[in-house]
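All figures in this text were calculated on a predicted structure; none of them were measured in a lab. The first residue of the sequence shown is numbered 1, and numbering continues consecutively from there.
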Amino acid sequence: MPKWLSDAIFYEIYPQSFYDTNADGIGDLQGIIRKLDYVKKLGCNALWLNPCFDSPFNDAGYDVRDYMKIAPRYGTNEDMRRLLSEAHERGIRVILDLVPGHTAITHEWFVRSMQRDPEFAGRYIWSETPWERFENIPGIMGSISGICQRGSCAVNFYSTQPSLNYGFVNPDPEKPWQIDVDSEDAIATRVAMVDIMRFWLDMGCDGFRVDMAFSLVKNDKDHVYTKKLWQEIRAMYDKEYPEAVLISEWGNPRSALAAGFHMDFLLHFGGSKYNSLFRDDPFFSKDGRNDLSEFIEDYTGMLRDVQALKVDSAETSSSELADGLICFPSGNHDMHRIARQLDAQELRLAFAFLLTMPGAPFIYYGDEIGMRYLENMPSVEGGYERTGSRSPMQWDKTLNAGFSSGKTDDLYIPLDSAPERPDALTQMNDKDSLWHEVKKLNELRLSHKALQNASPIEFLSHGDKRKNSPLAYRRGVGKGSVVVALNPSHDTASIELKNAAKMRVLYSFGESSRLESDKITVPSGSCVFLVQV
């Protein structure tokens with residue numbers, strides 16, 4: 001695992017909504033460059049940029065027209081080169097969003113494939129009849145037909161996103177459009193995608209977050225061949241770009257890390273209990289009724305399974321997690337914002353959890369100031385209900401919240417119109433704000449190895465609100481280890497903790513906790529971190 005991942009704290013930027021420097025209402029790369037000092041001041045040392053490549057933007061850039069060209073609305077390839085350089089000068093790593101499963105219908109590959117160009121005819125999954133619907137084929141979500149003289153083309157997601165052809169497991173000989181995973185066309189697709197990765201890695205990018213990483217090989221019920229494909233790419237990484245990272249959108253760390261990814265997210269899909277933290281009857285709401293016993297059982301089971309996948313056991317000490325991280329995001333461009341169901345105090349406790357858990361934490365732009373989910377927004381670029389989480393960053397109280405000097409009607413997505421909307425400048429000037437709390441937590445994480453990404457975790461209590469027990473866990477082992485206790489409930493909560501009174505308070509929020517010889521009592525809506533001395 002690249003060494004820099006050991007203390008990486010990521011900040012996710014949705015480029016079109018971050019900062020607009022040319023008054024066209026759309027964020028751009030120059031805007032990200034200008035705000036790098038903001039990211040560093042917050043305490044984040046890595047960026048994930050949502051898709052920046054040339055696109056017709058039917059799906060907000062997840063429909064790529066040219067993988068090796070920055071979308072003109074964001075700038076140029078030279079702007080990206082400068083962004084990477086400026087970020088690195090500040091000690092900030094940058095990962096880009098790769099979409100390997102599909103392209104736009106305007107991509108040159110697809111245009112030439114429609115024309116039966118021999119080099120690209122098999123780059124996508126074509127039947128020779130327009131009536132083929134590719135039904136009940138794992139990994140295919142529909143079809144495109146009637147747009148050219150060829151038949152139907154399988155799609156990976158929206159109907160404007162034709163599926164790239166990585167082959168089929170056990171292809172049906174009666175369906176000639178099902179080609180083998182080791183066929184010439186399937187291999188050509190893999191080679192083309194690796195060439196794209198090398199292009200940006202050679203420019204200085206630090207790796208990729210891979211969209212729908214599980215979706216490549218079709219009919220691959222247990223993702224056996226898709227995993228093998230990514231393992232081959234990981235081997236290339238380890239040989240040619242050992243400091244670059246692969247992060248998957250898989251939502252299943254057991255599969256993703258076995259496939260060779262350095263990291264996978266817990267997400268709103270994939271079967272984990274992640275949603276019980278911040279969204280579905282959330283634990284971190286005072287009114288949430290759930291404890292975290294199911295989440296902890298599920299999460300610790302994943303940790304055990306991942307630990308068994310150690311890639312470099314000689315370099316991974318017994319006091320560290322395996323060569324693969326299970327990561328927690330505050331949210332992302334596909335989820336309702338965390339502030340939709342949590343108030344200001346609850347948000348602080350949620351971040352205290354997020355920034356003390358193993359794995360690299362991800363902060364979605366604006367979550368650090370409590371930006372709100374905007375209800376009932378008109379869909380923009382395929383966002384649908386997700387559009388309410390993609391509104392412009394709120395920088396200050398000037399025109400358009402400081403996002404753009406253009407006309408308000410020209411903004412990519414409308415702003416939060418509430419007079420009390422939060423903004424970064426106001427919170428940066430308020431020592432008691434959520435922004436400062438997040439900054440403080442980031443600083444603690446960076447300065448204490450026990451709180452960093454590969455340090456182990458032991459749960460001491462799962463936060464049973466009916467029994468008035470806090471959520472409590474220990475990070476690290478022995479001297480220097482840190483006990484985290486969080487209580488989002490209405491009532492005071494206690495837990496037995498040997499020699500609690502002899503431990504040093506590292507951080508606290510809310511009313512002071514009471515430390516006794518073998519017990520810790522945490523008031524409602526508060527938390528405390530204790531370090532073993």
Side-chain angles (χ1 to χ4, degrees), residues 9-14 17-19 27 35 38-39 41-44 268 274-275 277-288 328-357 361-377 385-398 400-403 413-445 486-488 507 509-510 524-527:
I9 301 173
F10 282 86
Y11 189 82
E12 179 190 348
I13 290 178
Y14 195 66
S17 294
F18 197 59
Y19 189 56
K35 295 297 185 180
Y38 170 85
V39 174
K41 187 175 289 188
L42 181 63
C44 296
H268 53 300
Y274 167 82
N275 276 345
L277 299 170
F278 313 130
R279 287 171 176 83
D280 293 345
D281 193 16
F283 172 78
F284 283 97
S285 167
K286 288 188 287 291
D287 296 321
F328 289 83
S330 65
N332 66 25
H333 57 290
D334 285 335
M335 301 184 211
H336 295 151
R337 281 197 179 270
I338 191 172
R340 191 186 194 200
Q341 290 181 281
L342 302 180
D343 65 25
Q345 186 178 41
E346 292 163 350
L347 285 171
R348 285 167 165 79
L349 293 179
F351 272 106
F353 168 83
L354 182 80
L355 294 169
T356 56
M357 286 294 287
F362 281 73
I363 299 172
Y364 184 47
Y365 83 96
D367 280 355
E368 75 277 13
I369 59 171
M371 274 181 62
R372 291 176 290 205
Y373 174 75
L374 305 187
E375 307 284 348
N376 304 314
M377 293 289 286
E385 71 278 359
R386 302 172 297 177
T387 304
S389 295
R390 302 176 177 183
S391 59
M393 177 65 177
Q394 294 152 202
W395 292 106
D396 55 39
K397 296 190 182 303
T398 63
N400 297 324
F403 163 72
I413 290 173
L415 278 161
D416 183 348
S417 60
E420 69 278 12
R421 68 187 177 210
D423 69 82
L425 183 60
T426 299
Q427 292 205 13
M428 291 169 74
N429 290 330
D430 177 4
K431 296 295 185 184
D432 295 323
S433 68
L434 176 63
W435 187 92
H436 272 281
E437 216 64 49
V438 173
K439 180 178 187 292
K440 195 183 306 179
L441 288 163
N442 283 339
E443 290 170 347
L444 281 173
R445 188 178 184 97
L486 307 110
N487 179 20
Y507 168 87
F509 170 76
S524 170
S526 65
C527 71

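Between Ile413 and Pro392 the shortest side-chain heavy-atom distance falls below 4.5 Å. Contact of the Asp343 side chain with the Lys286 side chain is registered, since non-hydrogen atoms from C-beta on lie closer than 4.5 Å. Looking only at side-chain heavy atoms (C-beta outward), Glu368 and Cys44 stay at 4.5 Å or farther from each other. Side-chain atoms of Arg279 and Gln341, non-hydrogen and from C-beta on, do get closer than 4.5 Å to each other. Using a 4.5 Å cut-off on side-chain heavy atoms (C-beta onward), Pro422 and Gln394 make contact. Considering only heavy atoms from C-beta on, Leu441 comes within 4.5 Å of Tyr507 through its side chain. Counting heavy atoms from C-beta on, the side chains of Arg337 and Asp367 come closer than 4.5 Å. Within the 4.5 Å cutoff, the side chain of Lys397 has no heavy atoms near those of the Leu425 side chain.
Annotation for Ala352 and Cys527: closest pair CB-SG, 4.1 Å, computed over non-hydrogen atoms. Considering all non-hydrogen atoms of both residues, Arg372 and Ala339 come closest at CA-CB, 4.5 Å. Closest of all the heavy-atom pairs between His333 and Arg386 is O-CB, 3.6 Å. Smallest separation of non-hydrogen atoms from Leu434 and Ile369: CD2-C, 3.8 Å. Contact detail for Ile9 and Gly43: the closest heavy-atom pair is CD1-O, 3.9 Å.
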Item to complete: Give the intermediate values and the outcome of side-chain contact (heavy atoms from CB on, under 4.5 Å) for residues Phe284 and Ile338.
Response: CA-CA 10 Å; Phe284 283 97; Ile338 191 172; over 6 Å; no

Discussion item. Assess the residue pair Phe351 and Leu354 against the criterion (side-chain contact (heavy atoms from CB on, under 4.5 Å)); give the C-alpha distance rounded to whole Å, side-chain angles, the decisive distance to 0.1 Å, and a yes or no.
Written reply: CA-CA 5 Å; Phe351 272 106; Leu354 182 80; 3.8 Å; yes

Practice prompt. With salt bridge (Lys or Arg N to Asp or Glu O under 4.0 Å) as the test, would you mind laying out the steps for Glu443 and Lys440 before giving the verdict?
Written response: CA-CA 5 Å; Glu443 290 170 347; Lys440 195 183 306 179; over 6 Å; no

Discussion item. Working note: Ile13 + Lys35, criterion side-chain contact (heavy atoms from CB on, under 4.5 Å); need CA distance, chi angles, decisive distance, verdict.
Written reply: CA-CA 11 Å; Ile13 290 178; Lys35 295 297 185 180; over 6 Å; no

Practice prompt. Test Phe283 against Phe353 for ring-ring contact (aromatic ring centres under 6.0 Å, His included), laying out the working first.
Written response: CA-CA 11 Å; Phe283 172 78; Phe353 168 83; 8.1 Å; no

Item to complete: Apply the test side-chain contact (heavy atoms from CB on, under 4.5 Å) to residues Arg390 and Met377: give CA-CA distance (whole Å), side-chain angles for both, the deciding distance (0.1 Å), then the verdict.
Response: CA-CA 10 Å; Arg390 302 176 177 183; Met377 293 289 286; over 6 Å; no

Discussion item. Under the criterion salt bridge (Lys or Arg N to Asp or Glu O under 4.0 Å), I'd like the reasoning laid out for Glu375 against Arg340: C-alpha separation, chi angles, the key distance, then a yes or no.
Written reply: CA-CA 9 Å; Glu375 307 284 348; Arg340 191 186 194 200; 2.9 Å; yes

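At distances below 3.5 Å, not a single donor-acceptor pair connects side-chain atoms of Asn400 with backbone N or O atoms of Phe403. Using a distance-only test at 3.5 Å, with no hydrogens or angles considered, a donor-acceptor pair links the side chain of Asn442 to the main chain of Leu42. Between the Trp395 side chain and the Phe18 main chain, a donor and an acceptor come within less than 3.5 Å of each other. Under a 3.5 Å cut-off, the side chain of Ser526 and the backbone N or O of Gly510 do not form any donor-acceptor pair. Of the possible donor and acceptor atoms, none in the side chain of Glu437 sits under 3.5 Å from a partner among the backbone N and O of Arg348. Proximity of a side-chain donor or acceptor of Ser433 to a complementary backbone N or O of Asp430 within less than 3.5 Å is detected.
The closest side-chain donor-acceptor pair between Glu385 and Tyr373, if any, does not fall under 3.5 angstrom. Of the N and O atoms on the side chains of Asp396 and Thr398, at least one donor lies less than 3.5 Å from an acceptor on the other residue.
Surrounding CG of Asn376 are at most 12 heavy atoms belonging to other residues, nucleotides or ligands under 6.0 Å away.
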